[in-house]
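The block underneath contains the structure these notes are about, expressed in structure tokens.
For the numbers below, each heavy atom of this structure counts, side chains included, while hydrogens, waters and symmetry mates do not. We number each residue from 1, following the sequence as shown.
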Amino acid sequence: MDLSAYRALWQTRGVFALLASALLARLPVMAALVPVSFLAKDAAGNFGWAGVVAGAYSVGMAVGGPIWSRLADRRGGRRVVIGTGMAWGVAIAVLALLPDEWYRLMPLVSALAGAVVSPVTSTLRAAWPRLVQGSRLRAVYALDATAQEVLFSIGPLLGAVIVSFASPRAGVLVAAASAAVSIWWFGLRQPPALKHDESAGARLTAPQLLWHRYRLPLIVAFGLFVTAFASISLGIVAFADDHGNRLIAGVLETVWAIGSLIGGVVVGALPGRRKSYVWRRALLVSIGMLVCVFATWSPVSLAIALLLSGCALAPTVGALYERLGALTPDSVRTEVFGWMGSGAMIGGAVGSSVAGLVVETFGVRYVWLMASILALLATLAVLHVPPHRPEENEAEEEVPSLAVTT
């Protein structure tokens, strides 16, 4: 363990303020997941419909994500982030206020809400190389992935608590209101757009950006992982419903995220003196999900399995972020992370929809079997992606960091 990278990050101006504002900006979106699932289930009477509504939301994100990210690269992130954040709050509030007998409109409203999700994630990950370099950059991507697990820990739990003590409708409305404040704050911290270096040639088109021997496999692998994660999230909700206590959903999501948080913190503190292959970490995720298949006989056993399997999640996701950022030109880095999110949302749409059918047809435990197979496919996709090498840290440390304007 080597904590020097974390100490260096703490001393770098703007890093933790940016991370904290992004964390709060993404929290309402995460907190809305559990209430929206229960809202759709209560309105239609089955989890299959909850999967359809979640899938429509993911499709909307898949369409809107690259558009807003590309616009942020060219015009700067401030107006894009704030404008879409306000639109998301309005759309999600409309979803909450729909009468139950209008439940057939839920997928349409959900898709519209997904299409205007603020590009907080892509703008954040594109900003890191402007703030830090070398070993600090590797550590901050691990910390970013770990912080996201804090969201998966706190967000669903907050949503489940509001559902348990109030109602799903109240949970969605709280998420809509809090988004207006938190996304605004993050948007104000966005730097101006980077000017494209014309000497390097024309800015990459979308096909040129995506059709790359390493970038495309990384995006596909991330999409497969999110497919697995989305199916597990719905499986956890169904597991809690089967046991007659909806609060279990938030607790299990929290335990799963805590395991990922632990793994991310530990890996981010490793000295990084060896080559780091993404596929090795991805394989551990697949094995961990397979273990969960045999642990669904009680909430306690499943919680233990989720805690252990979660330890590989943040390290794997952080490695995907770092490799994609390192293999992408700076002038289109926000856009490529937008496409990464788009691929993830396509996977999320498939995962949520199929998971709902799997639960209704075969049972909850088979959701984890499906997730394990998807993670194995992601492992195969990144087999030939070059590893992070220790010498990259030494070369990049010589590049001066840039401060983000506030």
Side-chain angles (χ1 to χ4, degrees), residues 26 29-30 33 51 54-73 84 110-111 113-126 141 144-145 148 152 204-234 278-279 281-282 285-286 289 313-314 316-329 332-355 370-371 373-385:
R26 289 182 287 182
V29 179
M30 298 306 306
L33 296 179
Y57 183 81
S58 298
V59 169
M61 286 188 68
V63 174
I67 297 173
W68 303 123
S69 296
R70 189 179 184 88
L71 191 60
D73 265 334
T84 51
S110 181
V116 293
V117 168
S118 184
V120 173
T121 300
S122 57
T123 54
L124 174 70
R125 287 164 192 161
Y141 273 121
D144 182 7
Q148 183 161 303
F152 281 112
L204 294 178
T205 64
Q208 291 171 332
L209 182 62
L210 295 175
W211 200 252
H212 185 271
R213 61 183 302 188
Y214 300 135
R215 288 195 289 266
L216 185 59
L218 286 166
I219 291 172
V220 169
F222 190 66
L224 289 169
F225 275 123
V226 174
T227 306
F229 300 159
S231 64
I232 288 176
S233 292
L234 192 65
V278 182
W279 71 264
R281 300 182 183 185
V285 175
S286 179
M289 291 178 177
L313 297 189
T316 303
V317 172
L320 290 171
Y321 297 158
E322 188 276 329
R323 288 290 80 198
L324 185 63
L327 295 166
T328 305
V332 288
R333 192 171 285 129
T334 305
E335 183 180 350
V336 82
F337 279 114
W339 282 110
M340 189 184 212
S342 182
M345 291 307 100
I346 292 173
V350 175
S352 298
S353 300
V354 175
M370 181 180 73
I373 294 172
L374 290 168
L376 182 60
L377 293 175
T379 303
L380 296 176
V382 296
L383 274 177
H384 299 293
V385 172

Quiz item: ring pair (Phe, Tyr, Trp, His ring centres under 6.0 Å) with Y321: which residues, sequence neighbours excluded?
Solution: F222
Self-check item: Taking every non-hydrogen atom, the tightest pair across W68 and P119
Solution: CB-CG, 3.9 Å
Quiz prompt | For V278, the option from V382, L383, V317 that meets side-chain contact (heavy atoms from CB on, under 4.5 Å) | solution = V382
Quiz prompt | Spacing of S342 atom OG and E335 atom CD [to the nearest 0.5 Å] | solution = 11.0 Å
Practice problem: Could you tell me whether the side chain of S231 and the main chain of A228 form a donor-acceptor pair under 3.5 Å? | Solution: yes
Quiz item: Looking at CG of L210 and NE2 of H212, how far apart are the two atoms once the value is rounded to the nearest 0.5 Å?
Solution: 11.0 Å
Quiz item: Rounded to the nearest 0.5 Å, how far apart are CZ of F337 and OG1 of T328?
Solution: 6.5 Å
Quiz item: Less than 4.5 Å apart, any side-chain heavy atom of V29 and any of Y57?
Solution: yes
Quiz prompt | Check: R215 and L324 side chains under 4.5 Å, non-hydrogen atoms | solution = yes
Practice problem: To the nearest 0.5 Å, tell me how far L224 CG sits from I373 CD1. | Solution: 12.0 Å
Practice problem: May I ask you to decide if A375's main-chain N or O and S286's side chain share a donor-acceptor pair within less than 3.5 Å? | Solution: no
Quiz item: Which atoms form the tightest heavy-atom contact between V63 and P66, and what is the distance?
Solution: O-CD, 3.7 Å
Quiz item: Does L313 reach the side chain of V285, with side-chain heavy atoms less than 4.5 Å apart?
Solution: yes
Quiz item: Say you draw a straight line from CE of M289 to CG of L376; how long is it, rounded to the nearest 0.5 Å?
Solution: 11.5 Å
Quiz item: Backbone N or O of F229 within a donor-acceptor pair of the S233 side chain at under 3.5 Å?
Solution: yes
Self-check item: For the student: nearest non-hydrogen atoms of R125 and R333, plus distance
Solution: O-CD, 4.4 Å
Quiz prompt | Distance-minimising heavy-atom pair for R281 and A319 | solution = NH1-CB, 3.6 Å
Quiz item: Which atoms form the tightest heavy-atom contact between M340 and L218, and what is the distance?
Solution: CE-O, 4.3 Å
Self-check item: With sequence neighbours excluded, residues passing side chain to side chain donor-acceptor pair (under 3.5 Å) with T334
Solution: D73
Self-check item: Distance-minimising heavy-atom pair for W279 and T379
Solution: O-CG2, 3.4 Å
